[in-house]
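Single-structure report; data block below.
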Amino acid sequence: MSASSKERKTLDERQQMSDLERLRHSCAHVMATAVCRLWPDAQFAAGPPVENGFYYDIQLDHHISTEDFPRIEEEMARVVAEDAPFEKVVVSRDEALALARAGRLGATGERPAPSAFKLDLLDDIPPGEEISLFRNGDFWDLCAGPHVARTGECRAFKLLSVASAFHKGDKDRPVLQRLYGTCFGSRAELDAHLVLLEEAKRRDHRRLGRELGLFHIDEEVGQGLVLWKPKGALIRRALQDFITGELDRQGYAQVFTPHIGKLGLYRTSGHFPYYQDSQYAPIPERDQLERLADENCSCAELVNGLEQGAYEGYLLRPMNCPHHIKIYASDHHSYRDLPVRLAEFGTVYRWEQSGELGGMTRVRGFTQDDAHIFCTPDQLAAEVQGCLGLAKTVLGVLGMHDYRVRLSLRDPDGDKYVGDPANWAKAEAALREVVETLGVDFTEAVGEAAFYGPKIDFIVRDVIGREWQLGTVQVDYNLPERFDLTYIGADNHAHRPVMIHRAPFGSLERFTGLLIEHFEGKFPTWLAPEQARVLPISEKFMAAAEDAAGRLGAAGVRVSIDRSADKVGAKIRLARLDRVPYMLVIGAREIEQGTVAVRHRDRGDLGAMPLDDLVGTICTEIANRSLGSAGTG
RNA sequence: GCUCAUGUAGCUCAGGGGUAGAGCACAUCCUUGGUAAGGAUGAGGUCGCGGGUUCAAUUCCCGCCAUGAGCUCCA
């Protein structure tokens, strides 16, 4: 499917634009009018409404920067004040072509240069479909609409950012400047939205990760390589323990395998050299390197030799499957043994493009909560069901309900797929049947399947609205074939098992990043790196504080003592900034009464209670993996 | 990888052709306190890295590296 056909909406869909989308789309025209007045040689491509605003793609020699925003906004305000009507004019294709050739579309007057992008967009309009222009004052644009009545309605607007984008999302087409803005029905709504954007920044896992001491990414270590600091590691351990418990219950076997493998392994799997652009470069063997150096071989010769298998080397693994496959293949299997479920927190390395890296959500080295299930075709549906149930359980325990499920199918016209069409049909039917029983909404995405099989993905949004794939369940007919995997069936003949790749978290890095944003750092007690902090009123009560912390620690609670010379108010402030769920204040009063004064991160002052009561409360909360008040926001 | 922007103390940021500043954090001391910031003093910087222009560059120019937004990509 080409980008343009994916993006192009039918006329019907366009007419169904919501009021807000209509306003924003109109504001995009207002912005284009202003840009056109300031830079008459600007060429416009497409300018649609998007989720939180609108953009217009512009080709212009002048590089628009944020410093230009005030003058563009001023000009926009003028266009709004003029309150020109948006007038729709239906034209014939020939008329539209003539106007575009005269440079009159996306313009405030005729120009020597044709409206090249508009000509291109005209080409995409199917024969027979109505072609319309919209005019506001002098500004004429090829546009199906709809629009608001007058420019005066676009009062509450703001330019947000400028970025680049390829024309029609195609990297072989020209790079355009994409100017983003937003528009609301009222100034108050706009202001509320801008406040929301600011709040979103405060939830950003990169910021919280630093403030809470969870992880660090160091230039000298390498881009996209996450260092889990002690507090982040505690969260990860809690997650791994949680998932391990679920795997034990569901009959998985845990394995451990190395992070590298010989190139031949990946030639067999098909990942080398075919996908080498997204892998770290191979590690050639030392004696081979020395021999080549002696022969004054060039780099290109080395690369060619590695690709063709003339010399051997190792690869940082881009996925765990081949190792698990080799474990499966190391034994003979009867149909009675199946399914074989091999699980590992497996670390993989992928050479993601530098512009795509960010925080923990897109990294170059990450650990999947991976497992591979080898089963008979008949077992496939039940196994997939188990996987989906696990993913759903995991998300449910964490209070993450704002996700969508995507059933990714093959494009029947595509040629990138491997395997028997009958198997595909069977697998797709099985996945659809299972996902329907899951009790969540799902969408089907044709053409999104992996080349080796269909899959089901769990997709969540981050704090700035970007969608990320987390958990995934993928059916694979390809690798069992390539590695010639077999099991002996009841008929005493060798049969090909089906493989399922699945990872309910996706990767611990991405999942933890999204979890930080989901909880705004306020992890439920079972995940909180520091579950309780003892705050002695003064140093005089340090012994009592030590005693209380000792008893909490003995009960398995992660507890610390604030030994600073600060007053209680300051200690509470710091503990709250660190998002510690339970604060225990200890002073003369508590010692006399044999209690501790408890304050909860979200619930405030809980009053005095015997320490044993509190230990019981906290331990129950941890054992139940209770969400408490976390995750409700 | 592409376009644009950014890079000054651990963090958030101000400044600006004549080798640097604030707040917070940190250290020491005073204070020993009652539920979101007690006070004083001090330490801390090759102004991302490398070139160039200049008598002089952290400041201007170029290249690189990193970060951010968007695009493209994600087996």
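Below, read A as the first sequence line, B as the second, and so on, with proteins coming before strands; counting in each chain starts at 1.
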Check your understanding: Can you tell which of B:rA36, B:rC4, B:rG70 lies closest to the side chain of A:Ile572?
Key -> B:rA36

Point to revise | Between B:rU12 (C1') and A:Arg202 (CZ): distance, integer Å | key: 13 Å

Review point. Roughly, in whole Å, what's the span from CG in A:Leu160 to C1' in B:rC4?
Key: 15 Å

Review point. What's the CD1-P distance between A:Ile500 and B:rA75, to the nearest Å?
Key: 19 Å

Check your understanding: Is there a donor and acceptor pair, one atom on the side chain of A:Ser161 and one on the base of B:rG70, closer than 3.5 Å?
Key -> no

Point to revise | A:Leu214 side chain near A:Leu208 side chain, heavy-atom distance below 4.5 Å | key: no

Check your understanding: Is there a donor-acceptor contact under 3.5 Å from the side chain of A:Arg364 to the main chain of A:Leu225?
Key -> no

Review point. Across all strands shown, which nucleotide pairs with B:rU46 by Watson-Crick or G-U wobble geometry, both distances under 3.5 Å?
Key: none

Point to revise | Rounded P spacing from B:rG44 to B:rG10 in Å | key: 12 Å

Exercise for review: Counting Watson-Crick and G-U wobble pairs only, both distances under 3.5 Å, name the nucleotide matched with B:rU58, or none.
Suggested key: none

Practice item. Give none if B:rU35 has no partner; otherwise give the nucleotide forming a Watson-Crick or G-U wobble pair with it, both distances under 3.5 Å. Key: none

Practice item. With the side chain of A:Glu539 defined as its heavy atoms from C-beta on, choose the nearest nucleotide among B:rG38, B:rU32, B:rC71. Key: B:rU32

Check your understanding: So what does A:Phe166 hit on the nucleic acid, given a heavy-atom distance under 4.0 Å: a base, only sugar-phosphate, or nothing?
Key -> base

Exercise for review: Look at A:Arg533 together with A:Asp578 and state whether they make a salt bridge at an N to O cut-off of under 4.0 Å.
Suggested key: yes

Exercise for review: Indicate, with a heavy-atom threshold strictly under 4.0 Å, whether A:Arg210 touches base, sugar-phosphate, or nothing.
Suggested key: sugar-phosphate

Review point. Under 30°, 30 to 60°, or over 60°: which ring-plane class applies to A:His259 and A:Tyr349, parallel, tilted or perpendicular?
Key: tilted

Practice item. Return the nucleotide paired to B:rG17: Watson-Crick means purine N1 to pyrimidine N3 with N6-O4 or O6-N4, wobble means G-U with N1-O2 and O6-N3, both under 3.5 Å. Key: none

Practice item. For A:Ser278, answer base if it contacts any base atom (sugar-phosphate contacts may also be present), sugar-phosphate if it contacts only those atoms, and nothing otherwise; contact means non-hydrogen atoms under 4.0 Å. Key: base

Exercise for review: Quote, to the nearest angstrom, the C1' distance that separates B:rA5 from B:rA9.
Suggested key: 24 Å

Review point. If you find the nucleotide of RNA chain B closest to A:Arg573 and the one closest to A:Glu356, which residue's nucleotide is nearer the 5' end?
Key: A:Arg573

Check your understanding: B:rU41 and B:rA37: how far apart are their P atoms, nearest whole angstrom?
Key -> 22 Å

Check your understanding: For residues A:His324 and A:Asp370, is any side-chain donor paired with an opposing acceptor at under 3.5 Å?
Key -> no

Practice item. May I ask you to verify whether the side chain of A:Glu590 and the base of B:rG34 hold a donor-acceptor pair under 3.5 Å? Key: yes

Point to revise | Watson-Crick or G-U wobble mate for B:rA27, both contacts under 3.5 Å | key: B:rU41

Exercise for review: Please work out if A:Val585 contacts a base, only the sugar-phosphate, or nothing of the nucleic acid, heavy-atom cut-off 4.0 Å.
Suggested key: base

Check your understanding: Atom CE of A:Met360 to atom C1' of B:rC74: distance rounded to whole Å?
Key -> 19 Å

Exercise for review: To the nearest Å, give me how far apart NE2 (A:His205) and P (B:rG68) are.
Suggested key: 9 Å

Exercise for review: Return the value, rounded to whole Å, for the distance between atom NE2 of A:His271 and atom P of B:rA75.
Suggested key: 10 Å

Review point. A:His323 side chain to A:Ile260 main-chain N or O, any donor-acceptor pair under 3.5 Å?
Key: yes

Review point. Relative to the ring of A:Phe458, is the ring of A:Tyr403 parallel (under 30°), tilted (30 to 60°) or perpendicular (over 60°)?
Key: tilted

Practice item. Would you indicate which nucleotide in B:rU72, B:rA36, B:rG70 comes nearest to any side-chain atom of A:Arg599? Key: B:rA36

Check your understanding: Can you tell me how far C1' of B:rU35 sits from CG of A:Leu577, to the nearest Å?
Key -> 14 Å

Practice item. Look at the side chain of A:Arg350 and the base of B:rC74, then say whether one donor and one acceptor between them are separated by less than 3.5 Å. Key: no

Review point. Which listed nucleotide (B:rC74, B:rA37, B:rU31) is nearest to the side chain of A:Arg510?
Key: B:rC74

Review point. With a non-hydrogen cut-off below 4.0 angstrom, is A:Ala575 in contact with a base, only sugar-phosphate, or nothing?
Key: nothing

Exercise for review: If B:rG70 has a Watson-Crick or G-U wobble mate with both distances under 3.5 Å, name it; if not, just say none.
Suggested key: B:rC2

**Study point:** A:Cys321 backbone acceptor or donor facing A:His501 side chain under 3.5 Å
**Key:** no

Exercise for review: Looking at every strand, decide which applies to A:Gln276 at a 4.0 Å heavy-atom threshold: base, sugar-phosphate, or nothing.
Suggested key: nothing

Point to revise | Below 4.0 Å: OP1/OP2 of B:rU31 and any side-chain N or O of A:Lys567 | key: no

Practice item. Answer with base, sugar-phosphate or nothing: what part of the nucleic acid does A:Gly453 contact at a heavy-atom distance below 4.0 Å? Key: nothing

**Study point:** Separation between the P atoms of B:rA57 and B:rG50, rounded to whole Å
**Key:** 14 Å

Practice item. Figure out the CG/P separation between A:Leu159 and B:rA69, and round it to whole Å. Key: 19 Å

Point to revise | C1'-based separation of B:rC47 from B:rG18 [nearest Å] | key: 15 Å

Study note, to complete from the structure: Among B:rU35, B:rA69, B:rA36, the one nearest any side-chain atom of A:Arg206 is B:rA69

**Study point:** Nucleotide nearest A:Ala570 (side chain, heavy atoms from C-beta), chosen from B:rA37, B:rG34, B:rG1
**Key:** B:rA37

Check your understanding: What is the nucleic acid contact for A:Leu357, judged by heavy atoms within less than 4.0 Å: base, sugar-phosphate only, or nothing?
Key -> sugar-phosphate

Revision key, fill the gap. Among B:rG70, B:rA36, B:rG1, the one nearest any side-chain atom of A:Tyr180 is B:rG70

Review point. Reckon A:Gln177 touches a base, only the sugar-phosphate, or nothing at all at heavy-atom distances under 4.0 Å?
Key: nothing

Check your understanding: At under 4.0 Å between heavy atoms, what does A:Gly587 touch on the DNA or RNA strands: base, sugar-phosphate, or nothing?
Key -> base

Exercise for review: Quote, to the nearest angstrom, the C1' distance that separates B:rG16 from B:rG7.
Suggested key: 16 Å

Point to revise | Touch class at under 4.0 angstrom, heavy-atom based, for A:Glu219 against every strand present | key: sugar-phosphate

Check your understanding: Applying a 3.5 Å limit to both distances, which nucleotide forms a Watson-Crick or G-U wobble pair with B:rC65?
Key -> B:rG7

Exercise for review: Determine whether the side chains of A:Thr257 and A:Glu344 contain a donor N or O and an acceptor N or O closer than 3.5 Å.
Suggested key: yes

Review point. With nearest nucleotides of RNA chain B determined for A:Gln279 and A:Phe541 from heavy-atom distances, which residue corresponds to the more 5′ nucleotide?
Key: A:Phe541

Check your understanding: Regarding A:Arg178 and the six-membered ring of A:Tyr55, is the cationic atom NZ or CZ under 6.0 Å from the ring centre and inside 45° of its axis?
Key -> yes

**Study point:** Span that lies between the C1' atom of B:rC30 and that of B:rG48, in whole angstrom
**Key:** 41 Å

Point to revise | Base B:rC73 paired with A:Arg362 side chain (donor-acceptor, <3.5 Å) | key: yes

**Study point:** A:Gln353 side-chain proximity, nearest of B:rC4, B:rU35, B:rC73
**Key:** B:rC73

Check your understanding: How far does the C1' atom of B:rC62 sit from the matching atom of B:rC55, given to the nearest Å?
Key -> 22 Å

